[in-house]
J.: 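Have a look at this one.
Just so it is clear: chains get the letters A, B, ... in the order the sequence lines come, proteins before strands, and each one is counted from 1.
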Amino acid sequence: MRVSKLFTRTSKNAPADEVAKNAQLLIRAGFVYKVMAGVYAYTPLGLRTLEKIKQIVREEMNAVGGQELIMTSLQNKTTWEGTGRWSDEAVDVWFKTKLQDETELGLAWSHEEAIMEMMQQYVKSYKDLPTSVYQFQTKLRNELRAKSGIMRGREFVMKDMYSLHATQEDMDQYYESVITAYNKIYTRLGIGDSTFVTFASGGSFTKFSHEFQTICDAGEDILYVNEDRSVAVNEEVLDDATTELGVDKATLTAIKSAEVGNIFKFGTEKSDKMGIYYIDATGAKQPIYLASYGVGITRVMGVLVEKFADEKGIVWPESVAPYKVYLVRIGGDDAVKHADELYVELTSKGIEVLYDDRDERPGAKFADAELMGIPYRVTVSDRLIEANQYEYTVRSSGETIILTHDELIDKIS
RNA sequence: CGGGGUGUGGCGCAGUUGAUAGCGCGCUCGGUUUGGGACCGAGAGGUCGAAGGUUUGAGUCCUUUCACCCCGACCA
C-alpha cells in the first residue's frame with residue numbers, strides 16, 4: 001500500500017475529547033474513527049490489525065476443533081425470556097427495538113441463548129456431542145458509561161465460543177484444552193508473559209469463572225498475583241478465592257490489569273432452563289453441558305496499544321501490525337526508482353509493505369512510521385543508493401543498521 | 001444514574017468589562033527546499049453545539065436542551 005493512497009491521514013494533535021492513550025494514538029495514526037461515545041469505526045489500517053488479531057484467535061479455536069459460524073445481531077425476545085434474561089432488570093445493557101408490526105427485538109449483547117437455541121436443531125443424540133462453535137461478532141451493549149477508548153465501548157467485536165458436551169468430565173477436559181489454546185493466543189499476541197489465568201466472579205455452574213487478565217495500567221481490574229505467578233485472583237473474589245485455594249492474602253501483590261478473555265462453565269443451566277436435551281445410548285433424555293469462552297478482540301487491540309506504545313506512538317507486535325515494513329523514500333528520481341523497485345520486490349515476496357511515496361520531508365515520514373507502529377522501517381535515499389545500502393530500523397528498539405540489498409531481503413523475508 | 005468539567009473553521013486553542021470572530025497545525029496555488037514533523041508569498045474555510053430569551057447590539061448574560069470527557073456506581 002502506498003501512503004499517498006491511504007485516505008486516512010495522521011495528526012499531530014490528539015482529539016481533545018479522548019483521554020485514553022489507545023484512542024488518542026489510534027485516532028492520530030488513522031486506525032480508528034470515533035463515531036460517538038464508545039463507538040468506533042475501524043479504518044483500513046485498524047481493520048488490518050483487527051483482522052490479524054482475529055486470525056490468530058481463529059487458528060487457535062480451529063485447533064481445538066471449534067467450528068466458525070456467525071449469528072445475528074437481531075435476536076428474538078422469546079429466546080431470552082426462556083432464561084429470564086429479557087427484562088431490563090435482569091440485563092441492564094440491552095438495546096431493544098421493534099419491527100414495524102410492534103414485535104420486540106433485542107440487539108445482541110451476547111449470544112449464548114441464541115446459539116443454544118440454534119444448536120438444539122442439530123444436537124439430538126449423544127453421537128452429536130461434543131461439539132464446539134464460535135464466531136467473531138459485534139456485541140451491542142448499552143453501557144451507562146463508555147470509557148477507556150476502544151477498551152470499553154458500546155459496540156465491540158468479541159470472539160465467543162461455546163462448547164456442548166454430554167458429560168461434565170468431557171466439558172472439564174475440553175475447558176482445560178481451551179485454557180491452553182488461550183495461552184497460545186496471548187503468547188502470539190505478544191502479551192503471554194503478562195497475561196494470567198485468573199479466578200473471577202461470574203460462575204453460575206462453578207463458583208468462579210476464569211478471566212485472562214493482562215497487566216495494564218489502563219485496565220479496570222485489580223489482579224492479585226503471588227511471587228512465582230502461579231496464583232492470580234481478581235480483586236472482586238479475593239476473599240472467596242484465597243479461602244478456597246488456601247492461599248494467604250498477604251502473599252499476593254496487587255497489579256492493575258485488563259480483562260482480555262473470560263471463560264466459564266454453564267454446566268447444564270442453559271440446557272435445563274431452555275429445555276434442550278440430547279438422547280443418550282439408552283434412549284434417555286439428558287441435559288447438555290455448556291461452557292463458553294470469550295475474547296474481546298477490539299479490547300485486545302486497545303490493550304496492545306496501551307502496553308507497548310512509547311512517546312513516539314504505537315508499537316505493534318509484529319504478529320498484528322497492519323504492515324510489516326514501512327518503506328521510506330528520501331530524495332529525487334533515483335530514490336523514486338529504487339524505492340519503487342524495492343516495493344515491488346518485497347510485495348511480490350508476500351511481505352506487507354506500507355510505502356511512503358509522498359513528497360514529504362524525511363522527518364515527517366519517520367514520525368508517521370513511528371506513530372503507526374510499523375515494526376520495521378526501511379529507508380531508501382540518494383546517499384544510501386550511492387553506497388548501495390539500505391537502512392533498516394526496528395520500531396520497538398530503535399536500533400538502526402545499514403544493510404546491502406541481499407542482507408535486507410534476508411532480514412525481512 | 002450521582003458528582004464534576006467542556007463544546008468557537010478538519011484538528012488543537014485564544015477571544016479581556018457584551019459592539020457581528022483570531023492564532024497554530026492541516027488544506028489549495030506558486031516558488032525555494034529535501035536525513036528527524038521545512039521556508040516565503042498568495043488563498044479557501046467558522047456565525048461560535050442547538051433552541052429560546054434579555055439587550056440598540058450576544059461567542060460573551062439568562063433559560064432549556066443535546067453532545068462529549070473525567071470520577072463514582074455498573075460491567076451475564
J.: Does the side chain of A:Arg361 get closer than 4.0 angstrom to OP1 or OP2 of B:U34 through an N or O atom?
T.: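 No, because none of the side-chain N or O atoms of A:Arg361 sits under 4.0 Å from OP1 or OP2 of B:U34.
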J.: With rounding to the closest Å, how many angstrom separate the C1' atoms on B:A42 and B:C61?
T.: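 That atom pair is separated by 41 Å.
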J.: Under 4.0 Å, counting only non-hydrogen atoms across every strand here, what does A:Ser381 touch: a base, just sugar-phosphate, or nothing?
T.: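 A:Ser381: base contact, heavy atoms under 4.0 Å.
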J.: For B:U28, what is the paired nucleotide under Watson-Crick or G-U wobble rules, both distances under 3.5 Å?
T.: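 Pair assignment: B:U28 / B:A42.
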J.: Quantified in whole Å, what is the C1' atom distance between nucleotide B:A19 and nucleotide B:G4?
T.: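 Nearest-Å result for B:A19 against B:G4 at atom C1': 34 Å.
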J.: Is the ring centre of A:Phe266 less than 6.0 Å from the ring centre of A:Phe264?
T.: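 Ring centres of A:Phe264 and A:Phe266 closer than 6.0 Å.
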J.: Salt bridge (Lys or Arg N to Asp or Glu O under 4.0 Å) with A:Lys312: which residues, sequence neighbours excluded?
T.: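 A:Lys312: salt bridge (Lys or Arg N to Asp or Glu O under 4.0 Å) contacts with A:Glu370.
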J.: Which nucleotide, in any strand shown, forms a Watson-Crick or G-U wobble pair with B:G37, with both distances under 3.5 Å?
T.: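 Across any shown strand, B:G37 pairs with none.
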J.: Does the A:Arg395 side chain pair with the main chain of A:Val315, one donor and one acceptor, at a distance under 3.5 Å?
T.: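 Judged by distance alone, no pair lies under 3.5 Å.
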J.: Using atom C1' of each nucleotide, how far apart are B:C13 and B:C74 to the nearest Å?
T.: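 My reading of the C1' atoms in B:C13 and B:C74 gives 35 Å.
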J.: Distance-only check: which donor-acceptor pairs under 3.5 Å involve side-chain atoms of residues 378-388 of chain A, not counting sequence neighbours?
T.:
{"from": "A:Thr379", "atom 1": "OG1", "to": "A:Glu391", "atom 2": "OE2", "distance (Å)": "3.4"}
{"from": "A:Ser381", "atom 1": "OG", "to": "A:Leu384", "atom 2": "N", "distance (Å)": "3.3"}
{"from": "A:Asp382", "atom 1": "OD2", "to": "A:Gly332", "atom 2": "N", "distance (Å)": "3.2"}

J.: With a 3.5 Å limit on both atom pairs, tell me what B:C75 is paired to, counting Watson-Crick and G-U wobble, or say none.
T.: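 Looking at the geometry, B:C75 pairs with no nucleotide.
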J.: Applying side-chain contact (heavy atoms from CB on, under 4.5 Å), run through A:Gln75 and A:Glu113 and close with a yes or a no.
T.: CA-CA 10 Å; A:Gln75 298 181 329; A:Glu113 273 80 347; over 6 Å; no
J.: Please report, rounded to the nearest Å, how far the C1' atom of B:A76 is from the NZ atom of A:Lys265.
T.: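 After rounding, the gap between these two atoms is 18 Å.
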J.: Base, sugar-phosphate, or nothing for A:Asp368, non-hydrogen atoms under 4.0 angstrom?
T.: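 A:Asp368: base contact, heavy atoms under 4.0 Å.
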J.: Tell me: OH of A:Tyr33 to P of B:G10, nearest whole Å?
T.: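 The distance from OH of A:Tyr33 to P of B:G10 comes to 11 Å, rounded to the nearest Å.
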J.: Heavy atoms only, 4.0 Å cut-off, all strands: where does A:Ala14 land among base, sugar-phosphate and nothing?
T.: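 Sugar-phosphate contact only.
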J.: Measure CZ/A:Phe366 against P/B:U34 and give the value in whole Å, please.
T.: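 Interatomic distance, CZ of A:Phe366 to P of B:U34: 15 Å.
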J.: Would you kindly give the CZ-to-P distance between A:Phe7 and B:G26, to the nearest whole Å?
T.: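 Taking CZ of A:Phe7 and P of B:G26, I get 21 Å after rounding.
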J.: For A:His210, which residues count as a ring pair (Phe, Tyr, Trp, His ring centres under 6.0 Å) partner, sequence neighbours excluded?
T.: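 Once residues adjacent in sequence are excluded, the partners of A:His210 under the ring pair (Phe, Tyr, Trp, His ring centres under 6.0 Å) criterion are A:Tyr175, A:Phe199.
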J.: Touch check for A:Ala16, heavy atoms < 4.0 angstrom, all strands: base, sugar-phosphate only, or nothing?
T.: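 Contact class for A:Ala16: sugar-phosphate only.
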J.: Any side-chain donor-acceptor pair under 3.5 Å between A:Gln55 and A:Glu51?
T.: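 Per modelled atom types, A:Gln55 and A:Glu51 side chains form no pair under 3.5 Å.
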J.: Please list, pair by pair, any protein nitrogen or oxygen found under 3.5 Å from a nitrogen or oxygen in nucleotides 21-25 of chain B.
T.:
{"from": "B:G24", "atom 1": "N2", "to": "A:Asn13", "atom 2": "ND2", "distance (Å)": "3.3"}

J.: Report which part of the nucleic acid A:Val91 touches: base, sugar-phosphate, or nothing (heavy-atom distance under 4.0 Å, all strands).
T.: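 Nothing, no nucleic acid heavy atom in range.
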J.: Rounded to whole angstrom, note down the P distance from B:C48 over to B:U8.
T.: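 Between the two P atoms, the distance is 11 Å.
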J.: For residues 323-331 of chain A, which residues have at least one heavy atom under 4.0 Å from RNA chain B?
T.: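 Contacting residues: A:Ile330.
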J.: Is there a donor-acceptor pair under 3.5 Å between the side chain of A:Thr198 and the backbone N or O of A:Phe196?
T.: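 Yes, A:Thr198 side chain to A:Phe196 backbone: donor-acceptor pair under 3.5 Å.
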J.: Please report the distance separating the P of B:C23 from the corresponding atom of B:G18, rounded so that it comes out in whole Å.
T.: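 24 Å, rounded to whole Å.
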J.: Classify the side chain of A:Glu391 versus the base of B:G35 as yes if they form a donor-acceptor pair under 3.5 Å and no if they do not.
T.: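 Pair found.
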J.: Is A:Lys139 touching bases, backbone alone, or none of the nucleic acid, heavy atoms closer than 4.0 Å?
T.: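 The residue A:Lys139 makes no contact with any strand.
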J.: Could you state the atom-to-atom distance from CD of A:Glu370 to C1' of B:G35 in whole Å?
T.: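 Taking CD of A:Glu370 and C1' of B:G35, I get 13 Å after rounding.
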J.: Atom CH2 of A:Trp94 and atom P of B:C75: how far apart are they, to the nearest Å?
T.: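 In whole Å, B:C75 P and A:Trp94 CH2 are 17 Å from each other.
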J.: If each of A:Lys365 and A:Glu220 is mapped to the nucleotide of RNA chain B with the nearest heavy atom, which maps nearer the 5' terminus, i.e. the 5' end?
T.: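 Here A:Lys365 is the residue nearer the 5' end.
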J.: Would you indicate what A:Arg28 reaches in the nucleic acid, counting non-hydrogen atoms under 4.0 angstrom: base, sugar-phosphate, or nothing?
T.: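 Base contact.
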J.: Inspect the surroundings of CZ in A:Arg2 and state if more than 12 heavy atoms from other residues, nucleotides or ligands are less than 6.0 Å away.
T.: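 Enclosed.
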J.: Can you tell me the distance, in whole Å, between the CG atom of A:Asp359 and the P atom of B:C27?
T.: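 A:Asp359 atom CG is separated from B:C27 atom P by 12 Å.
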J.: Measure distances between side-chain N and O atoms of A:Arg145 and base N and O atoms of B:G3, and say whether any donor-acceptor pair falls under 3.5 Å.
T.: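 No such pair is found, so the answer is no.
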J.: Mind checking ring pair (Phe, Tyr, Trp, His ring centres under 6.0 Å) for A:Phe366 and listing every partner two or more places apart, or none if nothing turns up?
T.: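 For A:Phe366, no residue satisfies ring pair (Phe, Tyr, Trp, His ring centres under 6.0 Å) once neighbours in sequence are set aside.
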J.: In whole angstrom, give me the gap between the P atoms of B:C68 and B:C11.
T.: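 Comparing P positions in B:C68 and B:C11 gives a spacing of 15 Å.
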J.: Which residue is it: A:Tyr326, A:Phe31, A:Tyr323? I am looking for the one with a ring pair (Phe, Tyr, Trp, His ring centres under 6.0 Å) to A:Trp316.
T.: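 When A:Tyr326, A:Phe31, A:Tyr323 are each tested with A:Trp316, the ring pair (Phe, Tyr, Trp, His ring centres under 6.0 Å) holds only for A:Phe31.
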J.: Counting only Watson-Crick or G-U wobble pairs whose two distances fall under 3.5 Å, which nucleotide matches B:G7?
T.: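 B:C66 - that is the nucleotide pairing with B:G7, both distances being under 3.5 Å.
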J.: Partner lookup for B:U56, please. Criteria are Watson-Crick or G-U wobble with both distances under 3.5 angstrom; report none if nothing qualifies.
T.: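 Base partner found: B:A19.
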J.: Heavy atoms under 4.0 Å, any strand shown: does A:Glu18 hit a base, just sugar-phosphate, or nothing?
T.: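 Since no nucleic acid heavy atom lies under 4.0 Å of A:Glu18, the category is nothing.
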J.: Using the rule ring pair (Phe, Tyr, Trp, His ring centres under 6.0 Å), only one of A:Trp80, A:Phe95, A:Trp86 pairs with A:Trp109; which is it?
T.: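 Output: one option passes, namely A:Trp80.
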J.: Measuring only the C1' atom in each nucleotide, how far is B:C69 from B:G26? A whole number of Å is fine.
T.: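 Rounded to whole Å, the distance is 24 Å.
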J.: Determine the Euclidean distance between corresponding C1' atoms of B:G22 and B:G9; express it in Å to zero decimal places.
T.: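 B:G9 and B:G22 have their C1' atoms separated by 11 Å.
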J.: A:Asp334 CG to B:G35 P: how many Å, rounded?
T.: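 Taking atom P of B:G35 as the reference, CG of A:Asp334 is at 15 Å.
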J.: Examine B:C74: is either OP1 or OP2 under 4.0 Å from a nitrogen or oxygen in the side chain of A:Arg152? Give yes or no.
T.: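 Looking at the OP1 and OP2 atoms of B:C74, neither is under 4.0 Å from any side-chain N or O of A:Arg152.
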